[in-house]
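In what follows, a structure is listed as structure tokens, so that the remarks can point back to it.
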There are 2 protein chains.
Amino acid sequence: MTSQAADGPDTVAATRRSKITPEREREFFDAVLEQIRECGYDSVTMEGVAASTRCSKSTLYRQWKTKPQFVAAALRASRRVRFAGIDTGSLAEDLRQAARAAGDWSVKDTRLMQALGHAVTADQELAQALREALILPEVAALREMLGRGVERGEVPADHPALEYVPAMLFGVLRVRPVLCGQYADSGYLVRFVEATVLPALGLTEDPGHRSRDD
Amino acid sequence: MTSQAADGPDTVAATRRSKITPEREREFFDAVLEQIRECGYDSVTMEGVAASTRCSKSTLYRQWKTKPQFVAAALRASRRVRFAGIDTGSLAEDLRQAARAAGDWSVKDTRLMQALGHAVTADQELAQALREALILPEVAALREMLGRGVERGEVPADHPALEYVPAMLFGVLRVRPVLCGQYADSGYLVRFVEATVLPALGLTEDPGHRSRDD
DNA sequence: GTGTACCGATACGCATGAGTACCGGTACAC
DNA sequence: GTGTACCGGTACTCATGCGTATCGGTACAC
């Protein structure tokens, strides 16, 4: 209970009272997220993280009060928008690119979400961190992409399928392992987008011509 | 192993050496699945199941060797096909009915799948039981439904979207909670089917007329 | 050089849960 | 009635993990 050591909950490097560099902190975060992907949230132990990063359990507990707070901090710190930068000028091509991009990180993020899926129902902070780190940024980027398509007149603004595009994409990412036993790769996702998302949005250039090449 | 006493791994009442009636067995299975939905697989304890069913831990361990075997047996015993019996003569209406039906059990089954999602990566028997109990029967029923539509000529047999329909439906079931914070209800699922699945299959009667009533 | 404060290591208390062992009660077979 | 075998209860062993406490080393401030 040191008084002024009340550092923010997620990062500690801001208060330079700690000798843990931001790079070192990243190692902790990467390690715990990786172990969660591997073994599930419940099976991850602070001891295991400490061992794999060759730090001491004390060090972790000095910076973060509890395991869920530690994990939540790790999630917040790895917030990234994978869909950022996709803007080809065509909504259909944007969506294909998004599918391709999703295939690249889908394994890691899908496993993480799967592993955290039930832990978040027990810890509110964890749930919020997961949403803000992995879900909302991607959904927002996707909606932006769709918004540009609407502005260009490629899709009517009130098209009923618009609001379901994120659910379609993230949904197929999430069920593919349980349906087929393997994670969705870029090829599968692109085919999915072309077979379902684009037609649902009315984006197939010539509906009579079926352009499958597999 | 033992020749005729080789009771199936999932039910024990077949060998009437046990005094546990099938109804009693169902109570055990219902209890453990319910607790898994509530607390997650790891947090479920044999002690908790025994307490909630007012039986003894010994009783459970006499019938099932380990916790994963017990859970796998419970899964196999609750195998049911929810989509069975849907056959309206129209694929579009079949799919709407399926969506409506899915809304009814989606909460229970989605929570169960979510809760088991990571445990199955560690236990092979559990994974197989989950697939055979909750996944494959529904997918098969769905594919049958689609097959009938193809036979009736409503959709060409090689329509590229056909193979993705199960992924779309189960996908949206699975991501809805994490996207919106609530489980998918029947209304949402029907709207989803009408906005995405039917158009992707080319099943919108008059493409120009947008039939939304919300 | 001296001191402060953080790091790593280790050991510990405490709780919890898997799976086992034992024991008395009882229902059913015969 | 007698015996068998299963049920429920409880106590036990063993392992594991959270979170805390303690201690020596050391880097950096001044």
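Below, read A as the first sequence line, B as the second, and so on, with proteins coming before strands; counting in each chain starts at 1. Below, all heavy atoms of this structure are taken into account, side chains as well, without hydrogens, waters or symmetry copies.
Take B:Arg80 and apply the side-chain hydrogen bond (donor to acceptor under 3.5 Å, both in side chains) test, not counting sequence neighbours, and it matches no residue. Under the rule for a side-chain hydrogen bond (donor to acceptor under 3.5 Å, both in side chains), B:Glu38 has no partner lying at least two apart in sequence or in another chain. Taking A:Ala129 as the reference, A:Ala72, A:Leu75, A:Arg76 meet the side chain to side chain contact (heavy atoms under 4.5 Å, CB included) condition, with sequence neighbours excluded. Partners of A:Thr45 according to the side chain to side chain contact (heavy atoms under 4.5 Å, CB included) rule, which considers only residues two or more places apart in sequence or in another chain, are A:Glu47. Evaluation of the side-chain hydrogen bond (donor to acceptor under 3.5 Å, both in side chains) rule for A:Arg111 yields no partner, not counting sequence neighbours. With sequence neighbours left out, A:Phe28 forms a ring-ring contact (aromatic ring centres under 6.0 Å, His included) with no residue at all. For the ring-ring contact (aromatic ring centres under 6.0 Å, His included) test, no residue two or more places apart in sequence or in another chain qualifies with A:Tyr61. B:Ser52 is linked by a side-chain hydrogen bond (donor to acceptor under 3.5 Å, both in side chains) to B:Gln35, counting only residues two or more places apart in sequence or in another chain.
In terms of phosphate contacts, B:Gln63 brings no side-chain nitrogen or oxygen within less than 4.0 Å of OP1 or OP2 of D:dC6. Under 4.0 angstrom from either OP1 or OP2 of D:dG8 there lies at least one side-chain N or O belonging to B:Thr59.
With rounding to whole Å, A:Met46 atom CE is found 14 Å from C:dG8 atom P. Here the C1' atom of nucleotide C:dC7 and the CD atom of A:Glu27 are 15 Å apart, to the nearest Å. B:Lys67 places its NZ atom 8 Å from the C1' atom of C:dG17, with the value rounded to the nearest Å. Across the protein-nucleic acid pair, A:Arg54 atom CZ and C:dG8 atom P stand 11 Å apart, rounded to whole Å.
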The contact string for nucleotides 20-30 of chain D, one letter per nucleotide 5' to 3', using protein heavy atoms under 4.0 Å with B, S and - for base, sugar-phosphate only and none, comes out as BB---------
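The nearest heavy atom of DNA chain C to A:Glu47 and to B:Pro68 marks one nucleotide each, and the one closer to the 5' end goes with A:Glu47.
Of the charged side-chain nitrogens involved, at least one lies within less than 4.0 Å of a carboxylate oxygen, so that B:Arg96 and B:Glu93 count as a salt-bridged pair. One finds no salt bridge joining A:Glu151 and A:Arg148 here, because no Lys/Arg side-chain nitrogen approaches an Asp/Glu carboxylate oxygen to under 4.0 Å.
Within residues 33-45 of chain B, no residue has a heavy atom under 4.0 Å from DNA chain D.
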Could you summarise the pairing of DNA chain D as dot-bracket text, marking Watson-Crick and G-U pairs under 3.5 Å with ( ) or [ ] inside the strand and | across strands?
||||||||||||||||||||||||||||||
Please table the atom pairs, donor to acceptor, closer than 3.5 Å between any side-chain atom in residues 165-186 of chain B and protein atoms at least two apart or in another chain.
| unit_1 | atom_1 | unit_2 | atom_2 | d |
| --- | --- | --- | --- | --- |
| B:Arg174 | NH2 | A:Gln114 | OE1 | 2.6 |
| B:Ser186 | OG | B:Arg100 | O | 2.8 |
| B:Ser186 | OG | B:Asp104 | OD1 | 3.4 |

